Amino acid sequence: MADASLKNAPHGSPRTGLDKPDVEAAQDEDWSWAGPGLRHGRLRVRTLIAQRWLMVIGQTIAVLVAGLVLDLKVPYALCFSLIALSAWLNVLIGLAFGGQRMAREGEATAQIAFDTLQLAGMLYLTGGIVNPFSLLLIAPVTLAAATLPARFAVAIGVLAVAACVVLTFFYLPTPYPPSAGPGPVPGGLTLMTIVLARVLGIAMTGTYAWQAATESARMELALNVTETVLAREQRLSALGALAAAAAHELGTPLATISVVAREMIRNAPDEQTREDAELMIGQAARCREILARLTEMPEAKDAVHERISLVQLVHEVIEPHMIHGIRVEAVVNGPPGDSAPDIWRRAEILHALTTIVENAVDFARAEVIVVARFDARAVVIEVRDDGPGFSPEILAKLGEPYVTSRPGAEGSRTGHIGMGLGFFIAKTLLERTGATVDFKNGRRGGAVVAARWPRSALEAPAIIGASEL
């Protein structure tokens with residue numbers, strides 16, 4: 001069985017890579033942070049204008065059909081006055097402000113409130129709450145809940161509910177034609193049932209729209225943070241490639257300087273020249289040491305440096321966490337006689353696995369084990385700790401944004417304050433590489449996070465002439 005074990009070592013500087021400040025920086029992009037005050041997407045003025053034109057056209061068609069086709073005695077003058085008021089407002093807003101800019105929260109609230117009152121006025125002229133079109137009072141509440149902060153959305157909802165209640169008692173009778181006689185008048189129970197249905201519809205639809213919009217905004221923010229993390233990791237990778245290229249290019253001139261300096265020492269006419277030549281040799285040696293450190297983890301974009309063995313991968317993942325007093329061990333195993341595969345060096349995998357190991361170190365009692373298994377079909381990497389494991393309520397939601405039980409910085413071994421984004425970012429990055437990510441509790445306790453890839457998606461092909469390299 002191919003096996004490699006990497007245990008704690010006091011030497012070696014940890015790979016800092018890209019840590020949690022990147023998440024904090026992404027939060028600074030003018031988002032009201034996740035929770036009740038989370039900022040919703042704002043409305044464009046043209047969206048409000050288009051929605052109002054739709055109402056104008058719909059109301060016009062409804063009035064004409066009711067009057068000309070159904071022969072109802074519709075108060076045309078009053079109805080078309082209200083419709084014209086909406087159309088006039090649209091023209092005025094379009095000319096004054098233009099449709100491309102974003103509507104301010106107060107402005108959008110005022111326009112939606114106007115639409116609600118205009119619709120209530122139309123219902124007042126055509127039968128009140130018993131008019132089937134009273135159901136449309138739900139529409140402005142849904143729009144407000146999906147796009148406005150809570151206080152404005154609640155204000156629109158209260159206005160719509162108040163309109164329902166007022167239209168129950170104050171309205172013009174339904175304009176049935178004289179030949180049809182007086183129209184049916186719903187009894188008290190039926191009327192209250194209609195009102196209750198409208199109010200519950202407004203409340204439930206508005207709440208649903210609010211929750212859906214909030215979750216969408218939270219997910220959008222979390223994905224933005226993920227993109228920021230990945231972009232910065234890739235920039236660091238590019239910086240590593242530049243360092244490797246610089247080391248390669250500078251190696252030859254440094255060697256030439258050393259050779260010439262040694263010749264100067266042998267042929268030095270005086271002691272001062274000899275000392276200067278020795279100083280040149282010493283400084284050239286120091287430059288070579290610096291370049292060697294820069295190329296310890298080469299990331300140059302070529303067929304050699306873009307690949308990494310599975311053993312090297314788990315070593316890089318655990319190395320930053322060997323300084324927190326927890327035993328961190330990595331084991332790589334596979335079929336007997338089969339060597340561990342080389343895989344593509346991908347910033348997403350390194351960052352995601354490092355984050356998962358950091359989380360395990362924070363919760364472990366004494367030990368964290370990273371197990372990498374491979375066979376002909378798949379590569380699996382598991383991170384296990386001997387801590388308390390995932391609580392049921394956390395396990396049910398793990399992998400979603402803003403789910404955390406990590407202690408604060410004062411109680412955290414790594415000093416990181418949990419925000420509930422680490423696992424979400426790690427899971428998202430791993431899934432982008434083709435992995436299937438699973439969270440569970442071990443049979444003997446502790447948490448287990450496993451990522452499984454098809455071997456073909458992860459393995460780097462063999463290099464021609466690799467034996468010579």
Side-chain angles (χ1 to χ4, degrees), residues 29-32 38-69 74-126 131-164 166-167 172 198 201-202 205-206 208-210 212-214 216-217 220:
E29 297 178 358
D30 198 28
W31 289 84
S32 298
L38 180 66
R39 173 174 294 185
H40 286 65
R42 294 183 295 171
L43 280 169
R44 289 187 181 274
V45 173
R46 69 178 180 185
T47 302
L48 291 168
I49 293 176
Q51 177 261 346
R52 193 169 298 109
W53 280 127
L54 187 62
M55 287 182 60
V56 167
I57 295 172
Q59 290 174 359
T60 301
I61 293 174
V63 170
L64 292 176
V65 170
L68 301 178
V69 178
V74 179
Y76 290 108
L78 294 176
C79 287
F80 281 119
S81 295
L82 285 176
I83 294 172
L85 184 61
S86 286
W88 174 81
L89 179 64
N90 255 8
V91 173
L92 180 64
I93 292 176
L95 293 176
F97 303 107
Q100 295 299 324
R101 72 174 182 85
M102 304 300 294
R104 292 184 292 272
E105 293 170 348
E107 177 187 348
T109 303
Q111 292 196 45
I112 296 175
F114 169 84
D115 293 335
T116 305
L117 292 174
Q118 191 268 354
L119 178 59
M122 292 292 294
L123 294 173
Y124 169 81
L125 298 173
T126 55
N131 187 327
F133 288 102
S134 61
L135 185 66
L136 292 177
L137 286 170
I138 294 176
V141 177
T142 303
L143 179 63
T147 58
L148 297 177
R151 63 186 185 277
F152 297 110
V154 169
I156 297 297
V158 170
L159 179 62
V161 170
C164 287
V166 171
L167 290 171
L172 297 181
R198 300 293 187 265
I202 290 171
T205 306
Y208 174 81
W210 167 259
T214 300
S216 176
E220 180 184 356

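Side chains are part of it too, since the values below use all heavy atoms of this structure and drop only hydrogens, waters and symmetry mates. Because the structure is a prediction, the values reported are computed rather than measured.
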In this structure, are over 12 heavy atoms from other groups packed under 6.0 Å from F133 atom CZ?
no
Taking the side chain from S134 and the backbone from N131, do they hold a donor-acceptor pair closer than 3.5 Å?
yes
Would you check if M55 and M122 make a side-chain contact, meaning some heavy-atom pair closer than 4.5 Å?
no
Roughly how far, to the nearest 0.5 Å, is OG1 of T147 from CH2 of W210?
10.0 Å
Could you go through V141 and T205, starting from their C-alpha distance and side-chain angles, then the distance that decides it, and tell me whether this counts as side chain to side chain contact (heavy atoms under 4.5 Å, CB included)?
CA-CA 8 Å; V141 177; T205 306; over 6 Å; no
Got T109 and R104 here, is their nearest side-chain heavy-atom distance under 4.5 Å?
no
When rounded to the nearest 0.5 Å, the distance separating CZ of F80 from CG of L64 is 4.5 Å
Measure the spacing between CG of L78 and OH of Y124 and express it to the nearest 0.5 Å.
9.0 Å
Closest non-hydrogen atoms of A113 and I156, given as atom of the first, atom of the second and distance, are N-CD1, 3.7 Å
So does Y208 have more than 12 non-hydrogen atoms from other groups sitting under 6.0 Å from OH?
no
With the side chain counted from C-beta on, respond yes when L54 and Q51 share a heavy-atom pair under 4.5 Å apart, and no when they do not.
no
Would you say Q118's side chain and L82's backbone share a donor-acceptor pair under 3.5 angstrom?
yes
Would you mind reporting whether W53 and S86 have side-chain heavy atoms less than 4.5 Å apart?
no
Quick one: CG on L123 to CG on L167, what's the gap to the nearest 0.5 Å?
5.5 Å
Looking at every heavy atom in both A153 and A144, which two are closest together, and how far apart are they?
CB-O, 3.8 Å
Smallest heavy-atom separation, A145 atom then G206 atom, equals CB-O, 3.2 Å
Shortest non-hydrogen contact between T126 and C79, atoms and distance:
CG2-SG, 4.3 Å
First locate atom CZ of R52, then atom CD1 of I57, and finally report the distance between them rounded to the nearest 0.5 Å.
13.0 Å
What pair of heavy atoms forms the shortest contact from R198 to C164, and how long is it?
CB-SG, 3.8 Å
On a heavy-atom basis, the closest approach of V74 and G67 is CG2-N, 4.1 Å
Among I93, L143, N90, the one residue meeting side chain to side chain contact (heavy atoms under 4.5 Å, CB included) with Q111
I93
Criterion side chain to side chain contact (heavy atoms under 4.5 Å, CB included) on V45 and E107, from CA distance to verdict:
CA-CA 9 Å; V45 173; E107 177 187 348; 4.0 Å; yes
In Å and rounded to the nearest 0.5 Å, what is the CG to CG distance from D115 to L48?
7.5 Å
